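This chain uses plain numbering: 1 for the first residue, then up along the sequence. Computation of the quantities below employed the complete heavy-atom set of this structure, encompassing side-chain atoms and omitting hydrogens, waters and symmetry-equivalent molecules. Read the numbers this way: they start at 1 and go in the same order the structure lists the ligands and their atoms. Note that this is a predicted model, so its numbers are computed, not measured.
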Amino acid sequence: MNQLLTSIYESKSVQDEKGNIINPFPTATPYEIGTLFDELIKKNNFQRTLEIGMAYGLSTMFICQAHKDKGSGQHIAIDPNQSTEWKSIGLLNIERACLSENFRLFEANSHEVLPQLLTQGEKIDFAFIDGSHHFDYALLDFFYIDKLLKVGGYIAFDDIWMPGIRKVLYFILRNRMYEIVKIRPRSNLRKRIQRYIKRWIQNPLERDSQGIKLLPDNICVIKKIAEESSENRPWNFFKQF
Ligand SMILES: C[S@@+](CC[C@H](N)C(=O)[O-])C[C@H]1O[C@@H](n2cnc3c(N)ncnc32)[C@H](O)[C@@H]1O
């Protein structure tokens with residue numbers, strides 16, 4: 001485990017360039033999700049990873065550290081607000097943790113960067129979608145990431161307590177060739193119950209789920225099981241979601 005990451009989670013603080021201390025939570029990814037990414041990347045030997053939404057760089061550090069531990073791998077982060085809203089603290093953390101080598105940041109909106117990556121022929125094995133949490137932006141993030149993602153690759157969605165994010169997942173799981181990856185983040189029971197209650201308050205009977213059962217975590221990981229083609233999705237295919 002990276003020493004800087006350990007100290008950030010212990011002290012619940014990050015520092016800007018001038019040494020001012022800021023609490024990165026609840027914006028930042030919880031520790032158990034970071035360690036889950038570490039496990040998934042190492043276990044599946046994912047080489048090319050991408051995340052939307054870097055903020056203070058905590059998820060970024062977990063992913064870059066996983067590549068460093070494996071001895072190979074490249075990570076891309078996309079975030080339009082790194083130097084403004086987040087005072088470049090994410091980037092500073094990557095430098096402080098000596099993880100800059102295999103890392104690229106695009107400081108722009110995902111809907112601008114993702115089509116560029118596609119045009120450049122980029123291919124990825126794993127993506128973390130944690131940028132704009134509006135339904136349309138998250139769906140667009142998925143649309144492009146799907147085109148960049150290899151078959152067998154994973155996409156992790158954060159904040160599935162939000163109805164807009166769950167809607168995106170229901171669309172994917174009903175209409176596209178993806179399946180849920182059974183994960184068990186080692187989060188404490190109290191936090192999981194709190195998140196599940198939040199989800200239940202938003203939509204008590206999960207009326208829009210069309211029978212799809214999402215795990216009671218705040219994160220959902222899905223696996224691409226086939227490339228889109230006219231055989232697996234005819235031109236008029238549509239399932240309610
Ligand atoms: C919850 S934070 C990400 C937290 C980060 N993954 C972590 O673990 O610390 C959401 C991030 O999404 C970024 N964001 C918002 N709109 C975006 C967009 N259209 N494209 C890319 N990133 C966006 C924000 O600037 C913010 O940094």
Testing the basics here: between [X] and [Y], what is the closest heavy-atom pair and its distance to 0.1 Å?
{"X": "K224", "Y": "L149", "result": "NZ-O, 2.9 Å"}
{"X": "D141", "Y": "S110", "result": "OD1-OG, 2.7 Å"}
{"X": "S59", "Y": "E51", "result": "OG-OE1, 2.6 Å"}

Next item on the list: With atom 22 (N) of ligand 1 as the reference point, say which of P30, A138, G90, P80 has the nearest heavy atom.
Entry: P80

Under 3.5 Å between some N or O of ligand 1 and some N or O of [X]?
{"X": "S59", "value": "yes"}
{"X": "D79", "value": "yes"}
{"X": "T29", "value": "yes"}
{"X": "A28", "value": "no"}
{"X": "E85", "value": "no"}

Next item on the list: State the CD1-CD1 distance between I155 and I129, to the nearest 0.5 angstrom.
Entry: 5.5 Å

Notebook entry, point to check: Out of curiosity, does L173 fall in the hydrophobic cluster containing I225 (side-chain heavy atoms, cut-off under 4.5 Å, transitive links)?
Noted result: no

Next item on the list: Report yes or no: is the cationic atom of K167 (NZ for Lys, CZ for Arg) under 6.0 Å from the centre of the six-membered ring of F171, at an angle within 45° of the ring normal?
Entry: no

Notebook entry, point to check: So does K12 have more than 12 non-hydrogen atoms from other groups sitting under 6.0 Å from NZ?
Noted result: no

Check: Are N102 and H67 linked by a side-chain donor-acceptor pair shorter than 3.5 Å?
Finding: no

Check: Without hydrogens or angle criteria, can the side chains of S88 and E17 be said to hold a donor-acceptor pair below 3.5 Å?
Finding: no

Notebook entry, point to check: Where does I52 meet ligand 1, judged by heavy-atom distances below 4.0 Å: at the side chain, the backbone, both, or neither?
Noted result: side chain

Check: Counting only heavy atoms, which portion of H111 has something under 4.0 Å from ligand 1: side chain, backbone, both, or neither?
Finding: neither

What protein heavy atom lies closest to [atom]? Include the residue and the distance to one decimal.
{"atom": "atom 10 (C) of ligand 1", "result": "D130 O, 3.1 Å"}
{"atom": "atom 17 (C) of ligand 1", "result": "S132 N, 3.7 Å"}
{"atom": "atom 18 (C) of ligand 1", "result": "N109 OD1, 3.8 Å"}
{"atom": "atom 20 (N) of ligand 1", "result": "S110 N, 3.0 Å"}
{"atom": "atom 2 (S) of ligand 1", "result": "T27 CG2, 3.8 Å"}

Mark up the atoms of ligand 1 that fall under 4.0 Å of a heavy atom belonging to [X], in ascending order.
{"X": "I78", "result": "21 (C), 22 (N)"}
{"X": "F128", "result": "6 (N)"}
{"X": "L58", "result": "9 (O)"}
{"X": "N81", "result": "24 (C), 25 (O)"}

Next item on the list: Classify the ring geometry between Y9 and F25 as parallel (under 30°), tilted (30 to 60°) or perpendicular (over 60°).
Entry: tilted

Next item on the list: Identify whether the distance between the nearest side-chain nitrogen and carboxylate oxygen of E122 and R48 falls below 4.0 Å.
Entry: yes

